[in-house]
Amino acid sequence: MSFTTWGTATLASATLVTGMLAGSVALAPSATAAPTSCDALEVIAHRGDKPDGIDQNTAPAFDLAQRGGYSIEADVWVDAEGVLWLFHDRSTLKATGTPGLINQMTTAEVEQLRYRKAGSPLLRLDAAMDTFQTYPDTRVYLEPKVAYLADDVANLVVARGLTTSTWITEHGDLAREAQPAVQVVEKINGTLPKRLTRFVRDGIGIVAAPAGRLVPKVVARYQRRGIEVQSRNARSTASWRRTIQAGADAQLTSLPAELTRFCPVALKAPKIQARKSGRTSARSLAIRGKFFYDVLNLRVADRTVRYTVVSPRRIDARIKGIRAKQVSVFVRTPNGAVERTVRIARR
C-alpha cells in the first residue's frame, strides 16, 4: 500500500514526516480572505500530468492533464538548427542521461534522445501544437527558456490560431513586441505590487507570484480590475492552502491530482476519532481522525511528544513512559486545534 505524506515537506509516495514542535502558534485563516472555491481554482499541471510511466513535456503527459481537467505548462528550448523542442534544461544529462547542451545539438541528435523515466522521445513544439489544437478549451502556458526564443514561440502561437488559449510565461515583453496579439503572464518574485497601473496599461491579464506572498486584499484588488492571480509552482499542502486562502485564481503544481484532492479539505480543522485511536505497542499510539495536514504540534497527556504523520487520517505518537489508561491528545494544524480523551491501555 502506498500513501502520500502531507506536510510542509514535498509530497512523496511512501515517505513519513516526523516532528517534535513545541509552543507553535495556530495560523488561523485570515479574516480578510475570500477563499477560492475548488470549482473555481485553475489547476495547472507543471510540464503536464506525469505519474509513474509518463514523461514530462510529452504528449501523453499533456493528454493526461487535459483528461483530468487541468491546464498545461510546458518549457521551450531550441536546437542548433533552430527547431523548437519542449524541454526544460539546457543540459540534456539529467533528464536523458546523455551529456550535451540541447541548443548545441543538431536536430538529428535531439531526435535520438530519450527520457530516463519511461524512454519517451523529446517532443517538437510544432507537434505539441497539433496536440493542443485538439483541445482548444484547455489553457496552455509556454515558457521560452531564453529570451531569444520569445518571438519564435509567439509567432507559432499566432500562426496556429491559439492566441485565445495559450499564454507565454517568460520574456513576455519580447513576445508581445513580436506579436501584440499573444497573451502573457507577468511573473513576480515577491509580493504583488499594490499599484496596478502598469499592468492595466499594458493589458496584462494574469500575474503570478509565490503562494506565501499572496495577500488576500491585494489579490482581490487585482481581480476587481480583471487581472487573474496565479500562484507559482508549489508542491506542498502548506503552499496550496495559502493560495486557496488568499482567493487566488490558479495554482501551478507538479502534483495536480493531489492538489485536486486536497482543495475541498484545505481549510478544515483537524478531528480526532477517540474510539478508533489506540495503543499499537508499548511505545506507540495511533491517533486516528481526519485532516491531519501540516501538523504543527502534538501533545499526549500534556507532553510534547515525537510523532509521525502517516496519512491525513493517522498520526503515530511515541508514548514511552506514559502509563495512564486514558490521556488527553492535542493536535494543532494551521487550520485550528482539537483535543480529545483517548484510551491507550494495551488491548
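Starting from 1, each residue takes its place in the sequence as its number.
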Apply the test salt bridge (charged side-chain N to carboxylate O under 4.0 Å, His left out) to residues E143 and R232: give CA-CA distance (whole Å), side-chain angles for both, the deciding distance (0.1 Å), then the verdict.
CA-CA 13 Å; E143 180 177 324; R232 298 183 65 169; over 6 Å; no
When you look at T333 and D294, which way does the side-chain hydrogen bond (donor to acceptor under 3.5 Å, both in side chains) test go after all the steps?
CA-CA 6 Å; T333 74; D294 309 310; over 6 Å; no
Do V207 and L192 pass the side chain to side chain contact (heavy atoms under 4.5 Å, CB included) test, and can you show the C-alpha distance, the side-chain angles, and the key distance before you say yes or no?
CA-CA 8 Å; V207 297; L192 294 175; 3.8 Å; yes
Mind running side chain to side chain contact (heavy atoms under 4.5 Å, CB included) on V76 and F87 for me, showing each step along the way?
CA-CA 6 Å; V76 183; F87 195 69; over 6 Å; no
I315/V329 under side chain to side chain contact (heavy atoms under 4.5 Å, CB included): CA gap, chis, key distance, verdict:
CA-CA 11 Å; I315 305 171; V329 173; over 6 Å; no
Between Q104 and R90, is the side chain to side chain contact (heavy atoms under 4.5 Å, CB included) condition met? List the steps.
CA-CA 9 Å; Q104 295 179 6; R90 183 183 181 218; 3.3 Å; yes
Before giving the answer on side-chain hydrogen bond (donor to acceptor under 3.5 Å, both in side chains), spell out for T131 and T134 the whole-Å C-alpha distance, their side-chain angles and the decisive distance to 0.1 Å.
CA-CA 5 Å; T131 299; T134 65; 5.8 Å; no
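Side-chain atoms of N335 come within 3.5 Å of backbone N or O of A266 as a donor-acceptor pair. Remark: side-chain polar atoms of S236 are paired, donor with acceptor, to backbone N or O of S239 under 3.5 angstrom. Judged by distance alone, the side chain of S277 and the main-chain N or O of R288 form a donor-acceptor pair under 3.5 Å. Under the 3.5 Å distance criterion, the side-chain polar atoms of R279 are left unmatched by any main-chain donor or acceptor of I319. Judged by distance alone, with hydrogens and angles left aside, the side-chain atoms of R116 form no donor-acceptor pair with the main-chain N or O of G119 at under 3.5 Å. Listed for the T36 side chain is a donor-acceptor partner under 3.5 Å among the backbone atoms of A248. For T138 (side chain) and S71 (main-chain N/O), no donor-acceptor pair under 3.5 Å exists by modelled atom type. At least one donor-acceptor pair closer than 3.5 Å links the side chain of R340 to the backbone N or O of I272. Formation of a donor-acceptor pair under 3.5 Å by the K50 side chain with backbone atoms of H46 is found in this model.
Under the 4.0 Å criterion applied to side-chain N and carboxylate O atoms, E258 and R235 are not assigned as salt-bridge partners. Taking a cutoff of 4.0 Å between a charged side-chain nitrogen and a carboxylate oxygen, K145 and E170 do not qualify as a salt bridge. Ion pairing between a basic and an acidic side chain is recognised when a charged N comes within 4.0 Å of a carboxylate O; D89 and K94 show no such pairing. Ion pairing between R47 and E73 fails under the 4.0 Å rule for side-chain N and carboxylate O. A salt bridge is defined here as a Lys NZ or Arg NE, NH1 or NH2 lying under 4.0 Å from an Asp or Glu carboxylate O, and R198 with E186 meets this definition.
Of all non-hydrogen atoms in S311 and F292, the two that sit nearest each other are O-CB, 4.0 Å. Between A286 and R314 the shortest heavy-atom distance is CB-NE, 3.8 Å. Here the closest non-hydrogen pair linking Y293 and P334 is O-CD, 3.7 Å. Closest heavy-atom contact between L298 and V300: CD2-CG2, 3.8 Å. Nearest heavy atom pair, residue P144 against residue L149, reads CB-CB, 4.0 Å. When all heavy atoms are compared, the tightest approach of L123 to N57 is CB-O, 3.8 Å.
In this structure, Q251 and L259 have side chains that are in contact, with non-hydrogen atoms separated by less than 4.5 Å. The side-chain heavy atoms of I206 and E228, taken from C-beta on, include a pair separated by under 4.5 Å. L113 has its side chain within reach of M105: a pair of non-hydrogen atoms, C-beta onward, lies under 4.5 Å apart. Residues D63 and Y135 form a side-chain contact, since some pair of their non-hydrogen atoms from C-beta on lies under 4.5 Å apart. Taking 4.5 Å as the limit, every side-chain heavy atom of T96 sits out of range of all side-chain heavy atoms of R114. Considering only heavy atoms from C-beta on, L214 comes within 4.5 Å of V229 through its side chain. Looking only at side-chain heavy atoms (C-beta outward), L84 and R124 stay at 4.5 Å or farther from each other. Between L64 and F62 there is no side-chain heavy-atom pair separated by less than 4.5 Å.
Side-chain contact annotation: W77 with N103, donor-acceptor N/O pair under 3.5 Å absent. Remark: the D151 side chain and the Q179 side chain contain no N/O donor-acceptor pair separated by less than 3.5 Å. Between Y141 and Q230, the side chains place a donor N or O and an acceptor N or O closer than 3.5 Å (distance only, hydrogens not considered). For the residue pair N189/R213, the side-chain donor-acceptor check at 3.5 Å is not satisfied. Judged by distance alone, the side chains of T341 and Q326 never bring a donor and an acceptor atom under 3.5 Å apart. Between the side chains of D316 and T308, no donor-acceptor pair is found at a separation under 3.5 Å. With hydrogens and angles left out, the side-chain atoms of S284 and S281 include no donor and acceptor closer than 3.5 Å. The closest side-chain donor-acceptor pair between T107 and D79 falls under 3.5 angstrom.
I168 contributes atom CD1, which lies 6.5 Å from atom CG of L142 (distance to the nearest 0.5 angstrom). Atoms OG and CG, on S120 and D55 in that order, are 3.5 Å from each other to the nearest 0.5 Å. In this structure, CD in Q66 is found 11.5 Å from CG in D49, a value given to the nearest 0.5 Å. The CD1 atom of I244 lies 6.0 Å from the CG atom of L41; values are rounded to the nearest 0.5 Å. The distance from the CZ atom of R299 to the OG1 atom of T304 is 6.0 Å, given to the nearest 0.5 Å. The CH2 atom of W167 lies 3.5 Å from the CZ atom of R139; values are rounded to the nearest 0.5 Å.
Note on V295 and L285: same hydrophobic cluster, where clusters join Ile, Leu, Val, Met, Phe, Trp and Tyr whose side-chain heavy atoms are under 4.5 Å apart, directly or indirectly.
Annotation: R283, atom CZ; neighbour count of heavy atoms from other residues, nucleotides and ligands within 6.0 Å does not exceed 12. Surrounding CD of E177 are at most 12 heavy atoms belonging to other residues, nucleotides or ligands under 6.0 Å away. Atom NZ of K290 is surrounded by 12 or fewer heavy atoms from other residues, nucleotides or ligands within 6.0 Å.
Applying side-chain hydrogen bond (donor to acceptor under 3.5 Å, both in side chains) to R160 and the options N155, T166, D130, D126 leaves one that passes, D130. When each of N233, V43, T243 is paired with L252, the side-chain contact (heavy atoms from CB on, under 4.5 Å) condition holds for N233 and for no other.
Relative orientation of the W240 and F262 rings is tilted, given thresholds of 30° and 60° on the angle between their planes. Note on ring orientation: taking the six-membered ring where Trp is involved, the planes of Y222 and F199 are tilted (angle from 30° to 60°).
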